[in-house]
Asker: 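Submitted below is the structure of interest, expressed as structure tokens.
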Amino acid sequence: MKRTKIIDTQDLVGKEVNLYGWINIRRDHGKLIFIDLRDRSGVVQAVFSPSDTELRETADKLRPEWVVRLKGKVKVRPEKMFNPEIPTGKVEIEPLELEVLNEAETPPFALDTDGYEIGEESRMTYRYLDLRRPRLLKNISKRHEMVLFMRNWLSGMEFWEIETPILTKSTPEGARDYVVPSRLYPSKFFALPQSPQQYKQLLMTAGVERYFQIARCFRDEDTRGDRQPEFTQLDLEMSFVTQEDILNLIEELFTSLVKNICPSKKITQSPWPRLSHREARKKYGTDKPDLRKNKKDSDELAFAWITDFPLFAKQTEDDFFHGSGSAKFAPSHHMFTAPHPDDIALLDSDPLKVRGLQYDFILNGYEVGGGSIRIHQPEIQEKIFNLIGFTKEQKKQFEHILTAFTYGAPPHGGIAPGIDRFVMILAGEPNIREIMAFPKTGDGRDLMMEAPSEVSPAQLKELHIKIVK
Ligand code: ASP
């Protein structure tokens with residue numbers, strides 16, 4: 001007999017159903033045994049009466065998290081027993097067959113709470129159990145719906161989804177790289193991408209015109225609530241566009257995503273307000289102000305654009321851009337951002353005054369993502385490298401992109417909204433770990449897999465690596 005989803009039992013009164021799932025709770029009321037059976041769609045109650053001794057005997061043994069198959073008849077509950085808290089609260093299952101598919105140890109923590117009260121160590125060590133709680137499964141499914149919406153919407157706008165390499169060379173975007181030693185080329189390393197920035201620009205040079213990717217990015221930074229060593233962006237890039245085209249496209253995409261996937265949410269202001277970087281700092285003292293009218297209203301979404309960032313900031317000791325000692329300026333977004341055409345002359349006279357064609361997408365006080373119109377002329381790119389203070393050797397690392405631009409690169413630009421942060425805000429979660437299936441802990445470890453971990457001496461030898469303790 002075919003499987004029925006538990007949520008569908010509410011509409012199947014009088015029918016026989018075949019349910020598969022986990023025991024949520026077993027309550028022994030002497031004469032009657034109640035079980036709540038759970039699958040990812042919901043929970044339903046089954047009642048075992050004393051008359052059927054054989055079924056009773058199995059039901060008696062059931063414990064939370066055992067996996068069972070339950071065949072039974074869907075009946076309306078006595079009215080007094082209606083449970084308005086769950087969609088299947090008006091029905092119950094009269095068991096006909098009960099098969100134990102797998103027993104389970106007692107879980108290390110409760111699964112029927114929202115889980116915030118449980119320590120991170122246990123939640124992450126047993127993440128596959130933690131994920132069983134309905135709150136987390138709901139977050140995972142919402143995330144799926146949002147990503148699917150982005151894919152379909154962009155595909156409808158003639159974007160192509162293209163994968164770019166994970167084993168690559170460093171894209172310096174202000175963070176430390178994760179590096180991977182090469183076995184075939186002793187003492188050489190790959191870097192994991194901080195973002196697909198250079199690849200997407202090279203795809204524009206290749207004539208793709210409209211690219212997107214649900215892209216994993218890797219940055220070896222200290223983790224924080226809304227930061228993880230690896231995270232996901234909706235990365236996109238377009239050719240022959242202005243800043244205006246990109247802002248409008250993203251605004252349309254996210255507005256229609258909210259309408260379709262989270263219709264209970266209210267957008268504070270449409271079209272989204274736009275503030276220059278200078279205005280935002282002056283008025284709110286920050287470049288990611290929270291523009292909600294009522295900060296206690298969990299259904300309010302205050303989207304906004306921050307534009308006209310300064311192209312450069314003063315370079316500090318911690319900047320990963322600095323190369324030669326003469327370096328003075330660090331790109332405030334990244335080194336491929338185009339200067340504002342009105343400010344080109346300032347590149348020579350007063351670089352800190354140059355505005356970039358650069359924008360941030362903010363939501364409820366978070367920076368969701370940023371982007372820019374890119375430099376597509378090799379001579380301006382070279383000029384920016386000089387201002388950052390790149391040496392000849394450092395510039396050589398970017399030869400491929402400078403060369404590419406000499407072969408007719410179209411004007412192009414893009415953006416990369418962070419998917420984790422966006423889903424976190426829409427799910428009303430305090431932390432991106434709540435909307436990722438397998439996040440790292442606050443201190444950057446995977447406790448379930450026990451990573452990072454040591455590798456064998458044989459592996460090290462193959463990789464030509466010696467550990468210095
Ligand atoms: N690669 C940039 C980032 O990760 C986004 C962009 O400029 O499109 O912030």
Side-chain angles (χ1 to χ4, degrees), residues 150 154 159 161-166 168-178 191-205 208-221 226-239 241-243 245-251 253-254 277 287-288 305-313 319-321 330-340 355-363 366-376 381 384 398 401 409-422 432:
M150 293 172 187
L154 286 168
F159 281 78
E161 181 172 7
I162 303 174
E163 290 167 81
T164 53
I166 294 294
T168 176
K169 195 161 90 174
S170 135
T171 295
E173 295 199 34
R176 207 177 282 107
D177 282 322
Y178 281 99
L192 307 184
Q194 291 184 30
S195 89
Q197 186 61 39
Q198 293 185 65
Y199 284 109
K200 67 175 174 174
Q201 293 194 241
L202 293 165
L203 284 172
M204 294 305 106
T205 313
V208 164
E209 295 193 18
R210 291 186 165 213
Y211 141 95
F212 84 96
Q213 178 177 197
I214 308 298
R216 196 69 64 83
C217 304
F218 305 85
R219 298 182 189 176
D220 190 359
E221 297 172 304
D226 61 345
R227 250 194 206 166
Q228 282 271 313
E230 50 181 307
F231 59 94
T232 309
Q233 292 180 333
L234 169 61
D235 192 43
L236 66 86
E237 196 77 7
M238 302 160 84
S239 294
V241 287
T242 58
Q243 171 167 320
D245 296 322
I246 294 170
L247 302 197
N248 289 338
L249 178 106
I250 290 294
E251 194 164 327
L253 163 57
F254 281 84
H277 180 257
D287 54 14
K288 35 178 191 254
W305 289 108
I306 309 293
T307 60
D308 290 330
F309 281 78
L311 188 64
F312 294 112
D319 276 317
F320 286 94
F321 302 103
S332 68
H333 185 49
H334 54 56
M335 57 188 71
F336 308 110
T337 297
H340 196 291
R355 289 163 301 165
L357 290 178
Q358 170 185 338
Y359 30 86
D360 268 4
F361 159 6
I362 63 165
L363 173 58
Y366 288 93
E367 179 206 326
V368 172
S372 61
I373 298 296
R374 327 296 185 187
I375 300 165
H376 65 278
Q381 189 65 70
I384 300 293
F398 295 98
I401 206 155
H412 60 284
I415 189 167
I419 290 181
D420 310 291
R421 257 182 222 177
F422 179 72
I432 58 172

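Counting convention: from 1, in listed order, for ligands and their atoms alike.
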Asker: Can you check whether His334 has an N/O within less than 3.5 Å of an N/O in ligand 1?
Answerer: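 Yes, at least one N or O pair falls under 3.5 Å.
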Asker: Check whether any N or O atom of His333, backbone or side chain, sits under 3.5 Å from an N or O atom of ligand 1, and answer yes or no.
Answerer: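 Such a contact does occur with ligand 1.
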Asker: If we count only N and O atoms by modelled type, under 3.5 Å, do the side chains of Gln233 and Ser195 hold a donor and an acceptor together?
Answerer: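 The answer is no; no qualifying pair exists.
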Asker: Thr168 and Tyr199: side-chain donor and acceptor closer than 3.5 Å?
Answerer: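 Yes, a side-chain donor-acceptor pair sits under 3.5 Å.
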Asker: With a 3.5 Å distance limit and no angle check, can you tell me whether Arg421 reaches the backbone of Val368 through a side-chain donor-acceptor pair?
Answerer: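 Absent.
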Asker: Taking side chain to side chain donor-acceptor pair (under 3.5 Å) as the criterion, tell me which of Gln201, Arg374, Arg210 meets it with Glu237.
Answerer: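 When Gln201, Arg374, Arg210 are each tested with Glu237, the side chain to side chain donor-acceptor pair (under 3.5 Å) holds only for Arg374.
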Asker: What distance do Leu236 atom CG and Ile214 atom CD1 have between them, rounded to the nearest 0.5 Å?
Answerer: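 That separation rounds to 9.5 Å.
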Asker: Within ligand 1, which atoms have a heavy atom of Lys200 less than 4.0 Å away?
Answerer: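 Those of ligand 1 that fall under 4.0 Å from Lys200 are 6 (C), 8 (O).
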Asker: Indicate whether the side chain of Ser332 and that of Gln358 have a donor and an acceptor atom separated by less than 3.5 Å.
Answerer: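 Yes, side-chain donor-acceptor contact under 3.5 Å.
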Asker: Using side-chain hydrogen bond (donor to acceptor under 3.5 Å, both in side chains) as the criterion, list what pairs up with Asp220, not counting sequence neighbours.
Answerer: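 Applying side-chain hydrogen bond (donor to acceptor under 3.5 Å, both in side chains) to Asp220 gives none.
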Asker: Within ligand 1, which atoms have a heavy atom of Gln233 less than 4.0 Å away?
Answerer: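 Here the atoms of ligand 1 in question are 3 (C), 4 (O).
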Asker: Output the list of atoms in ligand 1 that are nearer than 4.0 Å to some heavy atom of Ala416, sorted by atom number.
Answerer: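 Within the 4.0 Å cut-off of Ala416, ligand 1 contributes 5 (C), 8 (O).
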Asker: At under 4.0 Å between heavy atoms, which part of Arg219 makes contact with ligand 1: side chain, backbone, both or neither?
Answerer: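 Within the 4.0 Å criterion, Arg219 contacts ligand 1 through side-chain atoms alone.
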Asker: Which of the atoms of ligand 1 are close to Ser195, meaning less than 4.0 Å from one of its heavy atoms?
Answerer: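 Selected atoms, number and element: 1 (N), 4 (O).
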Asker: State the atoms of ligand 1, each with its element, that fall below the 4.0 Å cut-off from a heavy-atom position in Ile415.
Answerer: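 Heavy-atom distances to Ile415 below 4.0 Å select 8 (O).
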Asker: Side chain, backbone, both or neither: which part of Arg374 comes within less than 4.0 Å of ligand 1 when only heavy atoms are counted?
Answerer: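 Contact part for Arg374 vs ligand 1: side chain (C-beta onward).
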Asker: Mind checking whether Gln194 has a heavy atom under 4.0 Å from ligand 1?
Answerer: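 For ligand 1, residue contact (heavy atoms, under 4.0 Å) with Gln194 is absent.
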